[in-house]
Protein chains: 2
Amino acid sequence: MTMTDPRKRLDQMISKLRENNYRITPQRLAVLRILATSTGHPSVEKIYGKVKKDFPTTSLATVYKTLIVMKEIGEVLELGFGEGGNRYDGNKPYPHPHLICTGCGQIIDPDLESLQGVTEELIKATGFKINTHRLDFFGVCPNCQKAGSKKPVEN
Amino acid sequence: MTMTDPRKRLDQMISKLRENNYRITPQRLAVLRILATSTGHPSVEKIYGKVKKDFPTTSLATVYKTLIVMKEIGEVLELGFGEGGNRYDGNKPYPHPHLICTGCGQIIDPDLESLQGVTEELIKATGFKINTHRLDFFGVCPNCQKAGSKKPVEN
DNA sequence: ATTTGAATGATAATCGTTATCTGTTAATAA
DNA sequence: TTATTAACAGATAACGATTATCATTCAAAT
């Protein structure tokens with residue numbers, strides 16, 4: 001569990017914006033703060049809701065545009081699961097596996113040692129130049145297995 | 001490369017429909033024929049276009065509804081890549097990795113020995129009951145690497 | 001302080017997919 | 001074979017997430 005320090009992460013993001021000649025606006029800062037402090041995988045609506053607490057006039061479009069910028073400079077990972085909007089990870093903006101409980105909705109970032117080498121085998125077998133990948137597992141967590149606990153867990 | 005015999009595959013699909021008390025309509029048969037004979041990963045629009053050659057009055061909604069039914073009974077795998085509609089695989093309707101060339105758009109089904117055991121490690125580590133998964137690699141194929149060949153390959 | 005291109009905010013547009021509803025038909029039994 | 005009926009097809013409206021548009025505002029460099 002590599003827990004990033006939110007302040008350091010925020011500074012990192014701001015630096016990257018500057019490097020790429022993007023402007024630092026209060027609205028962008030608000031979005032970045034949420035991304036840096038989120039331990040989970042917030043949705044656009046969740047980010048939007050939080051931003052509006054500090055900046056009530058913020059538009060949903062601004063949140064989307066900020067996320068597009070952050071994706072472009074590689075500081076946010078977009079998670080495109082099937083149902084209902086995408087999720088975003090501002091702390092581990094590189095490809096990594098996810099484990100989604102279809103019961104309560106929680107999303108986990110598992111560490112999988114055995115995943116090492118799969119990409120290498122693929123490159124060796126196909127000659128492709130791999131740029132990115134996506135690995136998602138869908139199942140039922142231990143808690144949802146025992147009880148029929150339908151409590152939606154947000155993360 | 002396990003190449004399924006299209007006729008056998010079609011019969012299999014029809015049997016599954018019957019087993020699950022779904023009706024065998026000419027429109028459904030047309031969609032199933034396309035799924036069974038496709039070596040690649042056709043889009044809804046592609047299926048729709050082909051169906052209309054034999055059945056000009058077919059509605060796009062009918063194609064979608066047929067695909068929903070086939071997904072429900074586990075005879076079609078839906079591939080949800082980011083851009084532009086989903087793709088469908090009627091020959092390997094179980095989870096398997098995909099390799100997408102972002103240059104020409106081709107989709108390959110690689111065999112990855114090293115993938116064995118990853119799910120097991122995940123189960124052991126988390127206690128989840130895994131129902132399905134998704135593994136997609138995005139990169140550039142050997143052909144697109146050498147030339148700037150921008151020929152869109154459909155499959 | 002001025003300037004200017006970029007960002008914001010509000011809203012329309014887009015696109016893949018699903019819902020709705022009316023007329024048609026596959027499948028079962030008489 | 002025909003009658004019956006629930007399921008299906010077709011046409012189109014609705015939907016939801018995201019993107020585009022455009023006038024106004026503002027960050028940042030001079």
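None of the values given here were measured: they were computed from a predicted structure. Naming convention: chains lettered A, B, ... in sequence-line order (proteins, then strands); numbering from 1 in each chain.
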Do any side-chain atoms of residues 116-127 of chain B form donor-acceptor pairs under 3.5 angstrom with protein atoms, and if so which ones, sequence neighbours left out?
residue	atom	partner	partner atom	Å
B:E121	OE1	A:E113	N	3.3
B:E121	OE1	A:S114	N	2.9
B:E121	OE1	A:S114	OG	2.4
B:E121	OE2	A:E113	N	2.9
B:T126	OG1	B:L122	O	2.8
B:T126	OG1	B:F128	N	3.2

**Asked** Can a side chain N or O of A:Q27 be found less than 4.0 Å away from OP1 or OP2 on C:dA7?
**Response**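 So the side chain of A:Q27 is outside the cut-off, no N or O lying under 4.0 Å from OP1 or OP2 of C:dA7.
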
**Phosphate-side-chain proximity, B:R23 and C:dT25, N/O vs OP1/OP2 below 4.0 Å** =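 It does not, given that no N or O in the side chain of B:R23 lies less than 4.0 Å from OP1 or OP2 of C:dT25.
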
If you look only at distance, which donor and acceptor atoms sit under 3.5 Å apart when one is on a side chain in residues 20-32 of chain B and the other is two or more places apart or in another chain?
residue	atom	partner	partner atom	Å
B:Y22	OH	B:E72	OE1	2.9
B:T25	OG1	B:R28	N	3.1
B:R28	NH1	B:R23	O	2.8

[atom1]/[X] to [atom2]/[Y] distance, rounded to the nearest 0.5 angstrom?
X: B:I73; Y: B:I68; atom1: CD1; atom2: CD1; answer: 13.0 Å
X: B:L10; Y: B:M13; atom1: CG; atom2: CE; answer: 7.5 Å
X: A:S38; Y: A:I47; atom1: OG; atom2: CD1; answer: 6.5 Å

**Request:** On DNA chain D, reading 5' to 3', which nucleotide is the first and which the last to sit with an atom under 4.0 Å from a heavy atom of chain A, could you check?
**Result:**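 Boundary nucleotides touching chain A, in 5' to 3' order, are D:dA17 to D:dA28.
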
How many Å lie between [atom1] on [X] and [atom2] on [N], as a whole number?
X: B:L79; N: C:dG16; atom1: CG; atom2: P; result: 16 Å
X: A:L29; N: C:dA7; atom1: CG; atom2: C1'; result: 13 Å
X: B:F81; N: C:dT17; atom1: CZ; atom2: P; result: 13 Å

**Request:** Residues of residues 50-70 of chain B with any non-hydrogen atom less than 4.0 angstrom from an atom of DNA chain D: list those, numerically ordered, please.
**Result:**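 Correct list: B:T57, B:T58, B:S59, B:A61, B:T62, B:K65.
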
**Contact nearer the 5' end of DNA chain C, comparing B:P26 with B:N86** =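 That would be B:N86.
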
Would you give me the side-chain donor-acceptor pairs under 3.5 Å for residues 50-62 of chain A, sequence neighbours excluded?
residue	atom	partner	partner atom	Å
A:K52	NZ	A:Y48	OH	3.3
A:T58	OG1	A:F55	O	2.8
A:S59	OG	A:A61	N	3.1

**Request:** With the side chain counted from C-beta on, respond yes when A:N143 and A:C104 share a heavy-atom pair under 4.5 Å apart, and no when they do not.
**Result:**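 With C-beta onward as the side chain, the pair stays apart.
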
For nucleotides 28-30 of chain C, list the nitrogen or oxygen atoms of the protein found under 3.5 Å from its nitrogen or oxygen atoms, one pair per line.
none

**Prompt:** Parallel, tilted or perpendicular for B:F81 and B:F138, by the 30°/60° rule?
**Reply:**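 Judged by the thresholds at 30° and 60°, the geometry between B:F81 and B:F138 is perpendicular.
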
**Test side-chain hydrogen bond (donor to acceptor under 3.5 Å, both in side chains) applied to B:H41 and B:D109, step by step** = CA-CA 10 Å; B:H41 309 79; B:D109 292 356; 3.1 Å; yes

**Pair A:E75 + A:R9, salt bridge at N-O below 4.0 Å** =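 Judged by the 4.0 Å cut-off on N to carboxylate O distance, A:E75 and A:R9 do form a salt bridge.
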
**Asked** So, the side chain of B:T102 versus the backbone of B:G139: is there a donor-acceptor pair under 3.5 Å, distance only?
**Response**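 Answer holds: yes.
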
